[in-house]
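Accompanying notes for the structure given below.
Each chain gets a letter, A, B and so on, in the order the sequences are listed, and its residues count up from 1.
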There are 2 protein chains.
Amino acid sequence: MATGRTHRPATRSRGIPEATVARLPLYLRALTALSERSVPTVSSEELAAAAGVNSAKLRKDFSYLGSYGTRGVGYDVEYLVYQISRELGLTQDWPVVIVGIGNLGAALANYGGFASRGFRVAALIDADPAMAGKPVAGIPVQHTDELESIIRDNGVSIGVIATPAGAAQQVCDRLVAAGVTSILNFAPTVLSVPDGVDVRKVDLSIELQILAFHEQRKAGEEAAAEVTAQAAAVPATTREESATDQGPDGDVPAVMPA
Amino acid sequence: MATGRTHRPATRSRGIPEATVARLPLYLRALTALSERSVPTVSSEELAAAAGVNSAKLRKDFSYLGSYGTRGVGYDVEYLVYQISRELGLTQDWPVVIVGIGNLGAALANYGGFASRGFRVAALIDADPAMAGKPVAGIPVQHTDELESIIRDNGVSIGVIATPAGAAQQVCDRLVAAGVTSILNFAPTVLSVPDGVDVRKVDLSIELQILAFHEQRKAGEEAAAEVTAQAAAVPATTREESATDQGPDGDVPAVMPA
DNA sequence: TTTTGTGAAGAACTTCACAGCG
DNA sequence: CGCTGTGAAGTTCTTCACAAAA
């Protein structure tokens, strides 16, 4: 995503490639599942399959963290879980605020995976006075007026924006001014932030449009293929247009009214 | 994302880079806004700023679509909107089904941006019999039993999975078997699909973890910087760790119980 | 022998910088 | 003269393929 990370002697941090960072959570999830099944070790091949990536890529990714594997054996599951968690900063507590408690905001507040890994919903904030006090996911919604004090009092550095597009930039500005330096944006807007602030976006309509693009191509190729292969009954499953990748390619999606 | 797109003489399609495809929706959104303000033309510089990208990148992106600009002038807004829409396949109707009408599914169903660009919620599907018939966003929820017939009857090729992780693969298999070839997955699971099926994922917890990684680094650098710059009062906004990128770097996020 | 860790090759993407069209 | 379109250079990411550790 962002990061201008240039220069700086690197106080030891080997500068993990961004693409690798983006995959660590994936590995962590797969490893956690193995851990729960009490599997002691995995090979790069097995873990790669579980995470849906190529094993060489996985090994290279891990090589940026250090040499945590054992040749001829594989990786110790528990140990790797710990190392990746530490690398991602999940061994500490991250209070998070969610701003905009509409359908989506409520869904996010109810999202179980939040608490699971270091993240804690510190507060839910909404501009609608009628919402104030109403509990969502067991947490009382607070009014936007309190945004600054909430952030400061709880030492929040990560904010989630789930407001309509029109309000997003303004909310963003207030979050940043109050001290938030990482933002997850679900509103379909490009946010502008000062240097030093990270923004990631999640945009449903962008994702759908990307799918539509490929879908359209498939339709075209099908028609072309019909001419070539006529009724040659090729198992539709072995066509050349693959797609098991599921992630690291382009943008991220956004959710909310356009 | 996916796509194994190798070989094939290319029936004229210049094979637009995946990274470019992922940005087209962004440009389209910016252009639509300009169009609504009746702005007739934009320069690559202006449009790039609105979309949050570098202008050279934007020009190169557009060059894959053709030469739609006028030197010395810029791009015709309406014309570009049309060309990009066509390229993305948004000039046709895309019926979509959403499976799993929990908090998130409901939020997605209510998402306004859906209808806006060619997408139409053809059906809402949930496994809970108690949900059946209940309208969400004005559309009655149907039971999973009807999944196959719904897909076939409506010619659905795009499916959205918003179920808990445990059900996702099974739902995916049924969608694919029924003819869906593009899937947007909000469940925190790696889906396996046959070749020819595209999967994109949206994963909240992955996004948060990526943010946490950078956040942690910032904290470290801050400490390091304190030693170097002591109380040298550097405007916190000009630090080296930037981040206005907002997207195309790593993975995509997922939403649902881990 | 199995499986890691990694140089080196390759592919994809980004950015530069400028020729050339309008 | 302004701004697009694009070769070429630069950067990042992926994949190969194999030496070496266990």
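Aromatic rings of A/Y68 and A/Y79 (six-membered ring for Trp) have centroids within the 6.0 Å cut-off, being under it.
For the ring pair (Phe, Tyr, Trp, His ring centres under 6.0 Å) criterion with B/Y75, the lone passing option out of B/Y82, B/F62, B/Y27 is B/F62.
Mapping A/G72 and A/F62 onto DNA chain C by nearest heavy atom places A/G72 closer to the 5' end of the strand. Mapped onto DNA chain D by nearest heavy atom, B/G69 and A/A56 fall at different nucleotides, with B/G69 at the one closer to the 5' end.
When each of D/dC13, D/dG5, D/dT14 is scored by its nearest atom to the side-chain atoms of A/P17, the top-ranked nucleotide is D/dC13. Between C/dT3, C/dC16, C/dT6, one nucleotide has an atom nearer to the side chain of B/N54 than all others, and that is C/dC16. Comparing C/dT14, D/dT6, C/dT4 against the side chain of B/S63 picks out D/dT6 as the nearest.
Taking atom CG on B/L47 and atom P on D/dG5, their separation rounds to 12 Å, with Å as the unit. Protein atom OH of B/Y27 is 13 Å distant from nucleotide atom P of D/dT4, rounded to whole Å. Spacing between atom CD of B/E18 and atom P of D/dC13 amounts to 17 Å, rounded to whole angstrom units. Nucleotide D/dA22 holds its P atom 17 Å from the OH atom of A/Y68, rounded to whole Å. The separation between B/K57 atom NZ and C/dC13 atom C1' is 8 Å, rounded to whole Å. The interatomic distance linking B/L80 (CG) with D/dT4 (C1') rounds to 12 Å, in whole Å. Atom CG of B/L65 and atom P of D/dT6 are 12 Å apart (whole Å). We find that CD of B/Q83 is positioned 12 Å from P of D/dG5, with the value rounded to whole Å.
Between B/T70 and D/dT4, a side-chain N or O to OP1/OP2 separation shorter than 4.0 Å is absent. Between D/dT14 and A/R59, no contact under 4.0 Å exists linking OP1 or OP2 to a side-chain N or O. Phosphate proximity of D/dT6 to B/K60: absent, as no side-chain N or O sits under 4.0 Å from OP1 or OP2.
Counting any heavy atom pair closer than 4.0 Å across all strands shown, A/Y75 reaches sugar-phosphate atoms only and no base atom.
Counting non-hydrogen atoms of neighbouring residues, nucleotides and ligands closer than 6.0 angstrom, the CD atom of A/Q169 exceeds 12 such neighbours.
One side chain, B/D61 or B/T20, offers a donor N or O that lies under 3.5 Å from an acceptor on the other.
Between the side chain of A/R71 and the base of C/dT3, no donor-acceptor pair under 3.5 Å is found.
Taking a cutoff of 4.0 Å between a charged side-chain nitrogen and a carboxylate oxygen, A/R217 and B/E87 qualify as a salt bridge.
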